[in-house]
Amino acid sequence: MKKLYLIGGTMGVGKTAVSQQLKKNLPNSVFLDGDWCWDANPFQVTEETKTMVTENICYLLNNFLHCSVYENIIFCWVMHEQHIIDSIINNLDIGNCEVKCISLMTDEATLRNRLESDIKAGIRSEDVIERSVARISKYQSLNTIKIDTVNKTVKQVADDIANL
């Protein structure tokens, strides 16, 4: 049976790094970062672009699910509201698939430190800190498995997910 890992978390929590590690850890795996489906300049959030991105994500995930080569499909994105997760799952062919919805969790101090490092490295802009910190609490109410990332390495978090 295939496994689909939907990995959410606020910006800077380590979704991409953990997903890349998980891809290495799990056999016959493929990884899709939702940000790859919305890499535009200028970045515009409208109803039209939100619909387009969700449709693109579901199209790609369904293709991975239908491909006999892949056993483990890993997807990460900022999924801070239940309707985002539900809109993805409801548009996937998951009849022969075990779905694991995961939220990577952290505390504010750890998140600020990670984001400040990214800003210094030129990976992110400064406005990301307050937006990301504001979303931390939203993940508590989601119907997901919560995994604490504080004081853990990327490998440790990926191992936690692989052992679910």
Side-chain angles (χ1 to χ4, degrees), residues 1-40 43 45 47-106 110-111 114 118 123-124 128 131-132 135-150 152-164:
M1 177 174 285
K2 291 182 183 259
K3 289 186 181 176
L4 172 63
Y5 299 86
L6 298 179
I7 301 172
T10 195
M11 296 165 286
V13 76
K15 296 177 303 296
T16 300
V18 166
S19 296
Q20 289 285 12
Q21 182 65 50
L22 192 59
K23 179 181 71 177
K24 293 175 188 172
N25 293 359
L26 297 174
N28 301 315
S29 60
V30 62
F31 166 50
L32 174 65
D33 188 325
D35 290 347
W36 299 340
C37 298
W38 205 347
D39 188 359
F43 180 74
V45 180
E47 288 307 311
E48 179 184 15
T49 60
K50 288 192 285 188
T51 298
M52 176 211 55
V53 169
T54 303
E55 288 175 358
N56 287 345
I57 287 167
C58 292
Y59 178 83
L60 290 169
L61 289 176
N62 273 319
N63 279 342
F64 292 147
L65 288 165
H66 294 148
C67 183
S68 64
V69 171
Y70 300 121
E71 296 172 34
N72 294 287
I73 297 97
I74 303 154
F75 171 71
C76 76
W77 202 28
V78 174
M79 294 180 279
H80 60 290
E81 296 172 346
Q82 189 64 45
H83 78 87
I84 297 170
I85 298 167
D86 294 344
S87 70
I88 292 169
I89 291 173
N90 291 338
N91 286 291
L92 296 179
D93 181 9
I94 54 170
N96 189 29
C97 183
E98 181 181 352
V99 179
K100 297 190 181 281
C101 297
I102 299 153
S103 292
L104 300 183
M105 308 296 288
T106 191
T110 301
L111 183 62
R114 291 175 183 170
D118 287 355
I123 298 169
R124 299 182 192 272
V128 74
R131 287 185 293 127
S132 191
R135 290 184 176 160
I136 292 174
S137 63
K138 293 184 176 242
Y139 290 89
Q140 289 295 342
S141 64
L142 299 178
N143 185 20
T144 59
I145 300 164
K146 313 299 188 279
I147 296 187
D148 187 4
T149 66
V150 177
K152 289 184 181 176
T153 65
V154 168
K155 184 179 181 332
Q156 288 171 321
V157 176
D159 288 346
D160 288 348
I161 295 169
N163 290 322
L164 291 175

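- Checked against side chain to side chain donor-acceptor pair (under 3.5 Å), Thr49 has the following partners two or more places apart in sequence or in another chain: Thr46.
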**OP:** Kindly determine whether Phe75 and Phe64 satisfy side-chain contact (heavy atoms from CB on, under 4.5 Å), including the steps that lead there.
**Re:** CA-CA 11 Å; Phe75 171 71; Phe64 292 147; over 6 Å; no

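- Between Val78 and Ser132 there is no side-chain heavy-atom pair separated by less than 4.5 Å.
- The stretch residues 58-71 participates, sequence neighbours left out, in these side chain to side chain donor-acceptor pair (under 3.5 Å) pairs: Asn28-Glu71, His66-Asp93.
- Residues Ser29 and Ile74 have side chains in contact (heavy-atom distance under 4.5 Å, counting atoms from C-beta outward).
- By the side chain to side chain donor-acceptor pair (under 3.5 Å) test, Lys100 is found to be paired with Glu98, residues two or more places apart in sequence or in another chain being considered.
- Contacts classified as salt bridge (Lys or Arg N to Asp or Glu O under 4.0 Å) and involving residues 153-164 (residues at least two apart or in different chains) are given here: Lys152-Asp160, Lys155-Asp159.
- Applying the salt bridge (Lys or Arg N to Asp or Glu O under 4.0 Å) definition to pairs two or more places apart or across chains, those involving residues 50-68 are Glu47-Lys50.
- The closest side-chain heavy-atom distance from Leu92 to Val99 is not below 4.5 Å.
- Under the rule for a side chain to side chain contact (heavy atoms under 4.5 Å, CB included), the partners of Val150 that lie at least two apart in sequence or sit in another chain are Thr106, Asp107, Thr110, Asp148.
- Between Cys101 and Ile89, some side-chain heavy-atom pair lies under the 4.5 Å cut-off.
- In this structure, Ile161 and Leu104 have side chains that are in contact, with non-hydrogen atoms separated by less than 4.5 Å.
- Atom CG in Leu26 sits 12.5 Å away from atom CZ in Phe31 (nearest 0.5 Å).
- Taking Asn91 as the reference, nothing meets the side chain to side chain donor-acceptor pair (under 3.5 Å) condition, with sequence neighbours excluded.
- Ala17 is linked by a side chain to side chain contact (heavy atoms under 4.5 Å, CB included) to Val154, counting only residues two or more places apart in sequence or in another chain.
- With sequence neighbours left out, the side chain to side chain donor-acceptor pair (under 3.5 Å) criterion links Ser103 to Thr144.
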**OP:** Go through the steps to decide whether Val53 and Trp77 satisfy the test side-chain contact (heavy atoms from CB on, under 4.5 Å), and finish with yes or no.
**Re:** CA-CA 11 Å; Val53 169; Trp77 202 28; 3.5 Å; yes

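- Scored by the salt bridge (Lys or Arg N to Asp or Glu O under 4.0 Å) test, Arg124 finds Asp118 as partners (sequence neighbours excluded).
- Annotation for Asn90: atom CG counts as buried by contact number, over 12 foreign heavy atoms lying within 6.0 Å.
- Within the structure, the salt bridge (Lys or Arg N to Asp or Glu O under 4.0 Å) test picks out no pair touching residues 11-35 (sequence neighbours left out).
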